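Since the structure is predicted, the reported quantities are computational estimates derived from the model, not experimental observations. We use all heavy atoms of the structure for the numbers below, so side chains are in, but hydrogens, waters and symmetry mates are not.
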Amino acid sequence: MAVAVIGGGVVGLATALALQLKGYEVTVFAEAFTPDTTSDGAAALWRPVFMGGTPAALQARWGEETLQLLRRLAGRFDADAIGVFWQSGFEIFDAAPAAAELPEWRHSVLGFRTLSADEIRTMYPRVPSAKAGWFYTSIMCEGPKYLPFLMRVFAGLGGRCVRRRIESLGEFRSTHDVVVNCVGQAARELCGDQGLVGARGQISLLEAPQVKHFHLHHAADHLTYIIPRARVVVCGGTYEVGDRSELVREEQAVSIVRHADRVVRGLSDAPVQRRWAGVRPMREAGVRLEIECLSVPASGGRTVSVDVVHNYGHGGGGVTVHWGCARDAVKLVEEVLGRKGRLRRASDRRARAGAAGRAAAAAPGVGESEAAIGAQCLRAHL
């Protein structure tokens, strides 16, 4: 069965791989791939965030399923090369959260504890407004490394990536059995989803190798985050709901570094490697993960139906939930194909997936290929 996945960010690539590992023929179509996606600019610390009206139980399950995969990847010998590693850090608040507000996800990260007033004063002498805080260890997932890894595994298993602008989901009605829509913010135009309001974010990438921990400061009117990648430190940020501009604003760049320097002294002197702005696919109703049968125009004044599985609207939480959402998207694709009577027998799909894995392992010049090893990790979490 031929499946078209639309979107080259972390959600699209994860969904394509999950389908591929189930034995489907998958092609990814996108106007942009790494390093030009919103996922590349994400701070990408595993930490659940606000995702509109997404039910808390769903978000928790998707996040946990994704975290289990990332933990496995963080234990690989080449974890640095794929951008997945453990990281510890601090999160402080100007308004002290009540004990009842401790996050449910504290049971998923390692070593979660509250900070004492003395620890906060010692760590953050230039943030006297801080009233409470947490310390914990989570997983960092660098988009500029992780996305290329996913693409290499996908290609090694026989998948194709096609760069092109998509004008209508109906473009695939005669070439693919199902379309999976993972275009993120672009769904506002592609699907006419006006509830996809978007939330602009801007960051600065600094050369600050002395920063070894992440730091998040929840002030009354802004959030400052300082999150080290392997080579640079991501400093942010902004969260501007309804603003869909991707242009970098100089005054915000100055403000971001100024706030970051209050939290971690010395960052104002760090060289700036890059400034970046992007739009999180923030959807008021929350993540859209569902089936839709679209009617699209055809020749002779006719209309034809196209089966679409939507998987977009993850706001700033795409990295945190991408694998859990991909797993659910696979189930929806199988539901669509089952309705059509086209669902390939499980034994046939396993045979196809196994053949793809053997082909990847035998890829010339790769040895025990990254695709085969990567596929083994991913398949274990399907």
Side-chain angles (χ1 to χ4, degrees), residues 3-22 24 26 28 30 37-40 42 44-73 84 104-105 108 139 141 143 146-147 149-151 153-154 159 169 178-187 190-191 193 195-196 199 280-292 307-336 377-382:
V3 181
V5 173
I6 317 302
V10 67
V11 172
L13 294 177
T15 302
L17 264 167
L19 285 162
Q20 191 181 47
L21 292 170
K22 286 286 190 177
Y24 294 102
V26 186
V28 178
T37 74
T38 303
S39 300
D40 287 283
L45 177 73
W46 188 94
R47 183 206 185 279
V49 297
F50 176 68
M51 292 170 63
T54 306
L58 264 183
Q59 186 174 345
R61 177 171 63 79
W62 292 334
E64 187 63 30
E65 290 172 359
T66 302
L67 181 60
Q68 294 307 313
L69 169 64
L70 294 178
R71 284 180 169 182
R72 186 183 183 99
L73 293 174
V84 179
E104 284 298 319
W105 52 261
S108 297
I139 294 278
C141 182
Y146 186 61
L147 268 64
F149 162 72
L150 295 180
M151 289 186 71
V153 175
F154 179 68
L169 295 175
V178 186
V179 177
V180 186
N181 173 23
C182 305
V183 296
Q185 184 60 33
L190 190 63
C191 306
D193 188 343
L196 195 63
R280 305 171 182 91
M282 180 64 204
R283 187 168 181 265
E284 293 172 333
V287 174
R288 188 180 186 190
L289 189 47
E290 63 183 8
I291 298 168
E292 182 180 17
D307 290 301
V308 177
V309 172
H310 296 291
N311 185 11
Y312 68 84
H314 302 83
V319 169
T320 296
V321 301
H322 67 278
W323 192 247
C325 288
R327 285 164 50 109
D328 278 11
V330 170
K331 295 173 186 175
L332 294 178
V333 167
E334 296 187 330
E335 181 180 333
V336 169
C377 283
L378 296 165
R379 186 178 287 112
H381 292 274
L382 273 176

Asker: To the nearest 0.5 Å, how far apart are CG in L332 and CZ in R327?
Answerer: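 Going from CG on L332 over to CZ on R327, the span is 13.0 Å.
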Asker: Going from CG on L67 to OG1 on T320, what distance comes out if it is rounded to the nearest 0.5 angstrom?
Answerer: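 Answer rounded to 0.5 Å: 9.0 Å.
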Asker: Mind checking whether V321 and M51 have side chains closer than 4.5 Å, heavy atoms only?
Answerer: yes
Asker: Working to the nearest 0.5 angstrom, can you tell me the gap between L289 CG and C182 SG?
Answerer: 9.0 Å
Asker: Closest heavy-atom contact between G8 and T37?
Answerer: O-CG2, 3.7 Å
Asker: Do the side chains of E335 and K331 get close enough for a salt bridge, i.e. N-O under 4.0 angstrom?
Answerer: no
Asker: For D328 and C325, indicate whether the former's side chain and the latter's backbone hold a donor-acceptor pair under 3.5 Å.
Answerer: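 A pair under 3.5 Å: no.
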Asker: So Y312 and P281, do their side chains get closer than 4.5 Å, heavy atoms only?
Answerer: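 P281 does not reach Y312 side chain to side chain.
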Asker: Looking only at heavy atoms, what is the nearest atom pair of Q20 and G159, with distance?
Answerer: NE2-N, 3.1 Å
Asker: Closest heavy-atom contact between L196 and G313?
Answerer: CD1-CA, 4.0 Å
Asker: State the CG-OG distance between L13 and S39, to the nearest 0.5 angstrom.
Answerer: 8.0 Å
Asker: Strictly distance-based, threshold 3.5 Å: is any side-chain N or O of E65 a donor or acceptor partner for the main-chain N or O of W323?
Answerer: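 Answer holds: no.
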Asker: I'd like to know if the side chain of Q68 and the backbone of H381 have a donor-acceptor N/O pair within less than 3.5 Å.
Answerer: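 The answer is no, because no donor-acceptor pair under 3.5 Å joins these two groups.
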Asker: Looking at OG1 of T54 and NE2 of H314, how far apart are the two atoms once the value is rounded to the nearest 0.5 Å?
Answerer: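 One gets 8.0 Å once the value is rounded to the nearest 0.5 Å.
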Asker: How many angstroms lie between CD1 in I139 and OG in S108, if you round to the nearest 0.5 Å?
Answerer: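 If we round to the nearest 0.5 Å, I139:CD1 and S108:OG are 11.5 Å apart.
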Asker: Looking at N311, L169, V308, which one forms a side-chain contact (heavy atoms from CB on, under 4.5 Å) with I6?
Answerer: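 So the option named by the test is L169.
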Asker: Quickly, which of L70, V84, V319 forms a side-chain contact (heavy atoms from CB on, under 4.5 Å) with W46? Name it, please.
Answerer: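 Checked L70, V84, V319 against W46; only one passes side-chain contact (heavy atoms from CB on, under 4.5 Å): L70.
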Asker: Just by distance, do the side chain of Q59 and the backbone of V49 share a donor-acceptor pair under 3.5 Å?
Answerer: yes
Asker: For a quick test of reading the model, state the closest non-hydrogen atom pair linking A44 to C141 and the distance between them.
Answerer: CB-O, 2.6 Å
Asker: Could you pull out the closest heavy-atom pair between G324 and T66, with the gap in Å?
Answerer: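 Closest heavy-atom pair between G324 and T66: N-OG1, 3.0 Å.
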Asker: How far apart are the closest heavy atoms of C377 and R72, and which atoms are they?
Answerer: CA-NE, 3.5 Å
Asker: Can you name the side chain to side chain donor-acceptor pair (under 3.5 Å) partners of T38, sequence neighbours left out?
Answerer: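 None.
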